[in-house]
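Only one structure is covered here, and it is reproduced in the block below.
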Amino acid sequence: KGAGEGGPCPGPLPLSRVPKWRRRQPRVVVIGAGLAGLAAAKALLEHGFTDVLVLEASDRIGGRVQSVKLEHATFELGATWIHGSHGNPVYHLAEENGLLEETTDGERSVGRISLYSKNGVAYYLTNRGQRIPKDVVEEFSDLYNEVYNLTQEFFQRGKPVNAESQNSVGVFTREEVRNRIKAEPDDSEATKRLKLAMIQQYLKVESCESSSHSMDEVSLSAFGEWTEIPGAHHVIPCGFMRIVELLAQDIPDRVIQLGKAVRCVHWDRAAARRRGPEIEQLADHNKDTAEEGGEEPGEELGQGGGEEGGQWPVAVECEDCEVIPADHVIVTVSLGVLKKHHSTLFRPALPSEKAGAIRRLGISTTDKIFLEFEEPFWGAECNSLQFVWEDEAESRSLTYPEELWYRKICGFDVLYPPERYGYVLSGWICGEEALVMERCDDEAVAEICTEMLRKFTGNPDIPKPRRILRSFWGSNPHFRGSYSYTQVGSSGADVERLAKPLPYTESSKTAPMQVLFSGEATHRKYYSTTHGALLSGQREAARLIEMYQDFFHPGT
């Protein structure tokens, strides 16, 4: 047992007793060059690992961080905010490297994460082209936030979830807010109807934040487990990609291979050999080209360097038919990719416990639509245009027919300062309707968004935007969604199950930690965030660093 587990740390094993696969530089293959993969590779390299390879299926690094520079400004198609500053590794990386120096006061917000700025005023507009009075908006917002705080308590205070809520954040919130509005004695019927319609708009915003199709699909009992880091939220004016570049700058070029998609991770090969020579036949032609400091001469695939019979524990089969032997593989692909491909991506198949966690956890799509205009048609104090459909006052669903996909657009934020961005609105849409939007061409989306803006502002003279830019996270085969959430029927325990390394057995006959898992969906408290992704990569690297401490630091 280790220190703190009932006994002192043992000394290192004599070299004669150290398994052969632990007497050489361990080879670690990282799948994915997003924040998790880069953080893992960086940590391993800093701790003496020299045989590290990062395989990235796409033609760029960064994963779900994607900054696009257009003329005067940088726009974020993916990660946008550093959520909280106190102890947030992404914040500290940005601060230490001067990335926040140009951040305006308006781009720092404190409090619950919101898709719009705290500075300025959000205009809540109805589909009849009228602005909802500010006092009505404030009353509704206070009421909604009271109920939102209640949703945290089911996990945090262990409150029982009643059957009526269906263990759903959306169902609970909609009914609780609806009942309180209807019971308000001082509101007119017209005001009550406006507030009832605003419920749906707030839930659309919430769905975009959660990257769920609908808040009806988000678990009420698990919702309060997500933890917000204290402090202000920041944007990075020069682009979130600078964080990616900082992580990658000390990783040698030879380590990262772009356009290198993985077809299958063959793990637990000692057990596989007892079942048959499947992977050996696959890889007979593939020679090990380890970098200097790797294996002993002649240790090609199937000829040494691994446990039990000199075999490598893992083999990574790529789409280009190359097979890369390894001691450990860190899988950082998105939950969306795991949902689609886990049954073919791993041989043997994942244990039912892990496959079940992948099935139960949720991921959907949150997309952005940037519209650039020659001149602003909104007032100087306006920070967002929020769309409230009056006919949704009694609605209990956030799903629309395909031809009405645009109803899921919850509103447009005003990007500022205009000196940096120009006159740009950023729209938000999530769920199945986001996938419909992704299938439309730029011209159609620009036309529909313009009609929406004309309708809700009551201004028929709003021109079409001079440019449109949007994201496609749902249909991108390398991601299949934006980020994860705890779906109804899942819990934080499923996140832990997803993060647990394979194989599960503690048998000394099986090489430990052959397949490790990281990425935002594997962080129990910080899922859906960039800091969760980064920390998860460091977490998996730390497992291997600890495992090999006797190799790199004899006598410790």
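Throughout, numbering of the chain's residues begins at 1 and tracks the sequence.
Checked for salt-bridge contact, Glu139 and Lys195 meet the test: a charged N lies under 4.0 Å from a carboxylate O. For Glu390 and Arg193, the salt-bridge test fails: no basic side-chain N is under 4.0 Å from an acidic carboxylate O. Ion pair Arg178/Glu394 flagged as a salt bridge, since at least one NZ, NE, NH1 or NH2 atom sits closer than 4.0 Å to an Asp/Glu carboxylate oxygen. Glu146 and Arg180 are joined by a salt bridge, as a carboxylate oxygen and a charged side-chain nitrogen come within less than 4.0 angstrom of each other. Looking at Asp216 and Arg174, a side-chain N of the basic residue comes within less than 4.0 Å of a carboxylate O on the acidic one, giving a salt bridge. In summary, Lys204 and Glu433 do not engage in a salt bridge, as defined by a charged side-chain N under 4.0 Å from a carboxylate O.
Across Glu164 and Val171, no two heavy atoms sit closer than the pair O-CG1, 3.6 Å. The two atoms that bring Ser364 and Ser211 nearest to each other are O-OG, 2.8 Å, heavy atoms only. Contact between Ala197 and Val388 at its shortest, heavy atoms only, is CB-CG1, 3.7 Å. Across every non-hydrogen atom of Leu371 and Cys449, the tightest pair is CD1-CB, 3.7 Å. Closest non-hydrogen pair, Val488 versus Gln166, comes out as CG1-O, 3.9 Å. Contact between Ile61 and Met241 at its shortest, heavy atoms only, is O-CE, 3.8 Å.
No donor-acceptor distance shorter than 3.5 angstrom exists from the side chain of Glu392 to the backbone of Gln200, with no hydrogens or angles considered. Using modelled atom types, no side-chain atom of Arg524 and backbone atom of Tyr527 make a donor-acceptor pair closer than 3.5 Å. Remark: the backbone N or O of Ile462 is paired with a side-chain donor or acceptor of Arg454 at under 3.5 angstrom. Looking only at distances, no side-chain donor or acceptor of Thr457 sits under 3.5 Å from a matching main-chain atom of Lys455. Side-chain atoms of His213 come within 3.5 Å of backbone N or O of Glu432 as a donor-acceptor pair. Without hydrogens or angle criteria, Arg242 side chain to Asn97 main chain gives no donor-acceptor distance under 3.5 Å. Of the possible polar contacts, none joining the Gln257 side chain to the Leu55 backbone as a donor-acceptor pair under 3.5 Å is found. Using a distance-only test at 3.5 Å, with no hydrogens or angles considered, a donor-acceptor pair links the side chain of Asn459 to the main chain of Asp461. Between the side chain of Glu372 and the main chain of Arg467, no donor-acceptor pair closer than 3.5 Å is present. Using a distance-only test at 3.5 Å, with no hydrogens or angles considered, no donor-acceptor pair links the side chain of Ser536 to the main chain of Ser518.
Atom CG of Asn127 is separated from atom CG of Asp391 by 5.5 Å, given to the nearest 0.5 angstrom. Put simply, CD on Gln66 and CH2 on Trp473 are 4.5 Å apart, with the number rounded to the nearest 0.5 Å. Summarising the geometry, atom OG1 belonging to Thr191 is positioned 10.5 Å from atom CG belonging to Asp186; distances are rounded to the nearest 0.5 Å. The CD1 atom of Ile429 sits 8.5 Å away from atom SG of Cys410, with the distance rounded to the nearest 0.5 Å. Atoms CD1 and NZ, on Ile358 and Lys339 in that order, are 8.5 Å from each other to the nearest 0.5 Å. With rounding to the nearest 0.5 angstrom, the CZ atom of Phe456 is 10.5 Å from the CG atom of Leu385.
Other residues, nucleotides and ligands contribute more than 12 heavy atoms inside 6.0 Å of the CD atom of Glu381. Residue Lys340 places its NZ atom among 12 or fewer non-hydrogen atoms of other residues, nucleotides or ligands, all under 6.0 Å distant. Atom NZ of Lys525 has 12 or fewer neighbouring heavy atoms from other residues, nucleotides or ligands inside a 6.0 Å radius. Other residues, nucleotides and ligands place no more than 12 heavy atoms under 6.0 Å from the CD atom of Glu102. Within 6.0 Å of the CG atom in Asp320, the count of heavy atoms belonging to other residues, nucleotides or ligands exceeds 12. At most 12 non-hydrogen atoms from other residues, nucleotides or ligands lie less than 6.0 angstrom from NZ of Lys134.
When Asp367, Thr366, Thr365 are each tested for a side-chain hydrogen bond (donor to acceptor under 3.5 Å, both in side chains) with Ser471, only one passes: Asp367. Among Arg108, Glu228, Glu107, the one residue that satisfies the side-chain hydrogen bond (donor to acceptor under 3.5 Å, both in side chains) test with His233 is Glu228. Each of Tyr148, Phe140, Tyr202, Phe172 was compared with Val177 under the side chain to side chain contact (heavy atoms under 4.5 Å, CB included) criterion, and only Phe140 meets it. Just one of Phe240, Trp81, Tyr91 meets the ring pair (Phe, Tyr, Trp, His ring centres under 6.0 Å) condition when paired with His234; it is Tyr91.
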List the steps and the verdict of side chain to side chain donor-acceptor pair (under 3.5 Å) for Thr80 and Lys368.
CA-CA 11 Å; Thr80 304; Lys368 299 178 195 175; 2.2 Å; yes

Go through it in stages, so that I can follow the logic: the residues are Asn149 and Glu153, the test is side-chain contact (heavy atoms from CB on, under 4.5 Å), and I'd like the CA-CA distance, side-chain angles, deciding distance and then a yes or no.
CA-CA 7 Å; Asn149 290 334; Glu153 294 184 356; 5.7 Å; no

Could you walk me through whether Leu498 and Leu338 pass the side-chain contact (heavy atoms from CB on, under 4.5 Å) test, one step at a time?
CA-CA 10 Å; Leu498 180 57; Leu338 288 176; 3.9 Å; yes

As a quick check of understanding, evaluate side-chain contact (heavy atoms from CB on, under 4.5 Å) for Tyr483 and Thr529, giving each step before the final call.
CA-CA 8 Å; Tyr483 43 85; Thr529 66; over 6 Å; no

Show your reasoning for whether side-chain contact (heavy atoms from CB on, under 4.5 Å) applies to Leu125 and Arg131.
CA-CA 4 Å; Leu125 310 170; Arg131 182 178 169 190; 3.8 Å; yes

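Note: His523 and Tyr526 have parallel aromatic rings, judged against thresholds of 30 and 60 degrees for the angle between ring planes.
Counting heavy atoms from C-beta outward, Glu520 and Ser528 have side chains that approach closer than 4.5 Å. Annotation: side chain of Ile243 is not in contact with side chain of Thr530 (no heavy-atom distance under 4.5 Å). Annotation: side chain of Val436 is not in contact with side chain of Lys408 (no heavy-atom distance under 4.5 Å). For the pair Glu175/Arg396, a side-chain contact is recorded, criterion being any heavy-atom separation below 4.5 Å from C-beta on. For the pair Leu453 and Trp378, the minimum side-chain heavy-atom distance is 4.5 Å or more. No side-chain heavy atom of Met198 sits less than 4.5 Å from a side-chain heavy atom of Gln386. Under the 4.5 Å side-chain criterion, counting only non-hydrogen atoms from C-beta, Arg480 is not in contact with Ile363. Using a 4.5 Å heavy-atom threshold, the side chains of Leu398 and Met215 count as separate.
Under 3.5 Å, the side chains of Ser221 and Ser219 contain a donor-acceptor pair of N or O atoms. Between Arg420 and Thr104, the side chains place no donor N or O within less than 3.5 Å of an acceptor N or O (distance only, hydrogens not considered).
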